[in-house]
Every structure is written in C-alpha cells, then in structure tokens.
Amino acid sequence: MTTDEDTSDAAADDSPDAFDDAGGSSDDHRDFWADDVADEIEARDPDEPIVIKGGVSPSGVAHLGNFNEIIRGYFVAEVLRERGHEVRQVFTSDDKDPLRKLPRKLADEDGNIVGLGEVDAGALGRNLGKPYTSIPDPFGEEESYAAHFAALLKADADRLDIPVEMLSNTEMYENGEFDPVVEHVLENIDTAREVLAKYQSKVDADYVPFNPVCEECGKITETVTSVDTEAGTVDYVCTDMTVGDNTIDGCGHEGTATFREGKLPWRFEWPGQWQVLGVDFEPFGKDHAEGSWPSGKDIAENVLEFEPPIPMVYEWFTLNGEALSSSAGNIVTVSEMLELLEPEVLRYFFALNPRKARDLDLSRLDQLVDDFDRFERAYFGDVDDENLTRFAKRAYPFVVDEVREDRVRLPYTFAAVLGMTDDEDLRKQMATNEGFFDDDTPDDVVEEALARVERARHWAEKMDNAYNYRLQVDLPEFDFDPAVETALDELADFVEENHDGEAIQGEIYETARRNDIEMGDFFAAGYRLFFDATQGPRLGEFLGELEQDFVVTRLRREA
RNA sequence: GGGCUGGUAGCUCAGUUAGGCAGAGCGUCUGGCUUUUAACCAGACGGUCGGGGGUUCAAGUCCCUCCCAGCCCGCCA
C-alpha cells in the first residue's frame, strides 16, 4: 500500500511551519520571531514548566551549526520566562546511536579541531557499530566518546551564558524512562508499522522498531526475530550492518534483550523523547523538515497518542559561502568564534530570522560586528530605521547579558587598526584621539571597549587582511628615492623638536611638498618604515603617540 | 523525477503574515575636516526585488510557470 505518491502527499500535508501553522494566535506578526513562537506555545496552555528541547547525535566536531539547536530554543525560553512562565530547556545528546563511520575531524577538550591522526584511530575503528556511550573518549578525558562531545557542547553553552540541561539518551534508556514508549510501540506494532510505512517504503510486515545492543559484541543490531511484550524482551541475531558502501560486521550472536538494552529507531525515538520529556517546542534544521518531522508528528498523534511539540524549522547557514562540513574542514566552533567577536555578537547572529539562509563570511566579520553595533544603537533609539528599531527594542535585551547604555563600541576595523601595537596605553590614547573616550569615560568602560582590540587583532591575523599590520620593532627593508630620504631626515628633525601628533601630520604634507615628492610616495615610505606595509593609520598622529627617540631613529633609518 | 525552503543594490541584510512610492548599513565615487590612506562629516552613484506570464486601479508581496542553491523523498540520524 505504500507508494511514492503516498509518501509525498503525507510529507506535503504535514510540512512544518511554526509561523502560521496551528496554534490559533498567529494572525498578528511580532517584531521578534521568538515572540511568535511563544504565542503559539501559550495558545496551547501548556503545563509548567514549559519544556524546550534540542538535540544532536554526537559526531566528530561540535560546531557552530549544531548550536542552532540550543540557541534558537534559548531565545524562545527567555521570552517565555519574561512572560512569567517556568521554562526547562533541555538538550538531548542522541548518544545511543551507533558510530557508523570514522569522523575525519575531531575537537579536543578545548574545542580545537584536530585530525584523526592525532588520536588512536584504530581504537575508534574497532568500535564501529557501538553506541557512542560505549566508545572510549579518543582524548582520554571523559568517560566516553559521547560524554566528550556533550562536554564540548555544554562548554559552548556556558561560554554564551545559556543555561541548558544536557540529557544523555543512553541514560534515559538505562533509567527505564523509555520503557513505556518501547512497550507501547511494540504492543501496537501493527499500527506502528502502518504509520511509518507511509514514510519509509522498506517498512514491511516483519519490521520491528527496536534495535537491541548485542550482549556479546556491544554493537547495535538490526535483526529482531521475536518480540515478547509480556516479558518485556526481544530476541535478536547480531547480523551485519550496511552503512553506505561499507559493512560493519555482526558477530552472529543470538540473544535476548530487555527494552533498556537497545534503542528505538530514530523515527520513533524522537517522538518518544517528546513524550517522555513533555516537550512543548523544538527547533530543528531543514534536514528534518521533510522526513523526520512529518513522520514524528504522525507517530506522536497516531501511535503514541499525544500532541507533538510546536515545531520550528531553521535554515542552515553557510560558512564562507560553502556548506558546513567537518570532513571538508569547512567548520567553525563557538570557541573559535569567540576569539574573533564578543558573545553578544554571536548571540545576535542567531537572533536574526531563522528562516533566512545566511552566509557567515569570516573575511567580513567586520560587517557582522558593525551590524550588531547598529542593532545596539537602535535599541537605544539612535538609529533612524523603524524596522531595525522595532526588532532591536524587543530582541536586544535577550542578546546582551545586561542592558547598559554606557558601553563604547569601537568600530571593528578601527579596533583591528589598534591591534598594530601591544601597548595598552597607546591603544587607549589613539582611541581617545579619535573621540571614542574622553576624560570622563570610566576605566571599566574603556577596558571593556578595548577588549574588542584583541579579537579584531585575531581576525586580522587569521584573515591576513589589510588590517594585519604591526608596528615593526626592527628596521624593515626599504628602497627609497634620494628625495624621499631627504624628506624623511627633515621630518625626523621636526619630530625631534617636540611637536604633537597633529603638527607632525601637517609637517608630513609640508615636507613632501618642499621636496617635490608625491604625497602617496611619502606616506608609503612612512608606512614601510613603521609597519612594513603600504598603508596604515593616520600617520602623523600615530607617530606623535610613539616614543620620540624611536620615531626619530626610525625616520633616519638608523634602527 | 516529486516535494520543502531560500534567491531583494558590489557585500551584509530589512521589507513578503493584511497588495499601497524600492529601503538601510557597509563598500565605491565626489567633496569636506588648514593635511590623498583607518575613523569622522556632506553628497552622489548603485535595482527588470532570480527569469517570464497572469490577477489587480496598484504586485518584492497573491496565482501559474521556468531557472539557480540547499535539503528531503533509500539506510541512518
């Protein structure tokens, strides 16, 4: 009875859309998407605490894309908390899933991405087919591969100050929390088959929606030979498992497993999690929108018989124009991002409309940071843009740790320019010269603003872009015309007379004119001597901040 | 092949839910700040809203169709 038409019809009818699907109060559009979702959740009059879930299967690297699962739900959780609800945000590590193939990349305990060559790959290879919780941590820190991965995600959540309760799927089976679900599915196995068969053509009259763990070799098995719901057990044979082009060998063992010694297939496990945890809302990526969601909704309603959560599909973002891929190395982690920008900027990125496909272009992070700065100013009413201001008024308080008007944001590229020197006082002085600070600016505000310099500096170095210049400690190699050399000597004499930066800037022009040399050539000479580059900051004022002897000596090309 | 989502200025994005003048920032260009370089100020340039068709007094928005990208429709998650 399963045909292709049946499959596509079922999928089309149940396509998820959290913005205008059921819920009843979606006729007015809010300025922040999380309010729309919260409206829908409230319309169902849910029990407290309201439960918001996310989850992923542990893979090689916990990357920024995975973080959608946590942070999208977080914004909804915060909105509901503000409305007076008690909210429990959980994250399931789907760690009873089997390791199906070796990851090409892993992240160590500090979140650094490393190749498979840096760990005992052989040990991983021997554990193919086993649940992630049964595989040792390749880095030897946590009690399992799964625990290692979960710890990384939890650390990322902490870094962004997001309170989330990490739950292990394996533990939920071991605790017996899934027992009633497994029992119900197997007692109603005909209904279960009938419903899933609408979505998966391989489901036939012999299909058993339960995968025991082999008591002999520890691998997840796929061949159940009989079910005894009275005893609460299934009999199985540990057969080979086909994964893509490869085969994971079974050991041939014939055994009996309880409902805690195995797992439901994903299509049942996901709705099972909703039921056991009482989930009211769950965001998920577009990959689930057409397959898992329609079948999960159907299974919840017609097999397990409860109301599934409010869904929300988020679009995937690309990184530097390409899909996120750990095997291709096109990946970025939360901790890497936080070396480049503040947590609130990263949170802002995820506060933007989840339905839009976005590109996170690291080479233009300055744009993202500028956008955040503008968003922040809009909250305080300083931007003449009605749409942006409405969004900012609502979303900004959920993006920053604390709403404070006294913050100073140095433009990101300017912060990168300040990164040319490690001298904190010099950085402060240059920013003051440009009007970002004055005598009344409190020290902690200055310190907070200057913290961006380190991040922007990292960015300039990582991208090796136009802002990646450094004050040269040693005399760079150069090749100047005699007229330029004369002009540099004259400028050195001028600097030696104790003029301030503004005067030096003026003298640069005077000197160039006096010696009849191109302004551009003279500036280029200055940037060569001090930065070994062709451009840099406003030169005269910068030189005025440096130690005079150093400037004079360098202009004379003596050291 | 079928379905879902996305496609708006060079870049990043608003605006699409209820049809009402095509928008912002950045970049670029020009000018200003006694002084070409980051910043700052003023102004300008920049668009067949992916293409085409339709409905309408009026379409980025609604309908049809086509193109491009990602995803799903095997397994797995």
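Hydrogens, waters and symmetry mates play no part in the numbers below; they use all other heavy atoms, side chains included. Every chain is numbered from 1 and lettered A, B, ... according to where its sequence line falls, protein lines coming before strand lines. Just so you know, these numbers come straight off a predicted model, no measurement behind them.
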- Can you name the residues that form a side-chain contact (heavy atoms from CB on, under 4.5 Å) with A:K130, not counting sequence neighbours? A:N127, A:S134, A:I135, A:K219

- Looking for any heavy atom pair under 4.0 Å, which part of the strands does A:F391 touch: base, sugar-phosphate only, or nothing? nothing

- Task: Give one of base, sugar-phosphate or nothing for A:K263, where a contact means two heavy atoms less than 4.0 Å apart.
- Result: sugar-phosphate

- Query: Is there a donor-acceptor contact under 3.5 Å from the side chain of A:T92 to the main chain of A:D94?
  - Reply: no

- Message: Any base atoms under 4.0 Å from A:A416, or only sugar-phosphate, or nothing? Heavy atoms, all strands.
- Response: nothing

- Scan A:G506 against the nucleic acid and name what it touches under 4.0 Å (heavy atoms): base, sugar-phosphate only, or nothing. base

- Classify the side chain of A:T413 and the base of B:A39 as holding, or not holding, a donor-acceptor pair under 3.5 Å. no

- Message: Between A:I299 and A:L196, is there a side-chain heavy-atom distance shorter than 4.5 Å?
- Response: yes

- Message: Measuring to OP1 and OP2 of B:U12, would you say a side-chain N or O of A:K356 lies under 4.0 angstrom away?
- Response: no

- Query: Per the atom types in the model, does the base of B:G70 pair as donor or acceptor with the side chain of A:K286 at under 3.5 Å?
  - Reply: yes

- Note on the structure: Of B:U5, B:A14, B:C76, the nucleotide closest to the side chain of A:R355 is B:U5

- With heavy atoms under 4.0 Å as the rule, sort A:T318 into base, sugar-phosphate or nothing. nothing

- Item | Any pair counted as salt bridge (charged side-chain N to carboxylate O under 4.0 Å, His left out), so long as it reaches residues 526-537 of chain A, sequence neighbours left out | A:R528-A:D532

- Heavy atoms under 4.0 Å, any strand shown: does A:W266 hit a base, just sugar-phosphate, or nothing? base

All N/O contacts under 3.5 Å from nucleotides 24-26 of chain B to the protein, with atom names and distances to one decimal?
from  : atom 1 : to     : atom 2 : distance (Å)
B:A24 : O2'    : A:R374 : NH1    : 3.3
B:A24 : O2'    : A:R374 : NH2    : 2.2

- With a non-hydrogen cut-off below 4.0 angstrom, is A:K202 in contact with a base, only sugar-phosphate, or nothing? sugar-phosphate

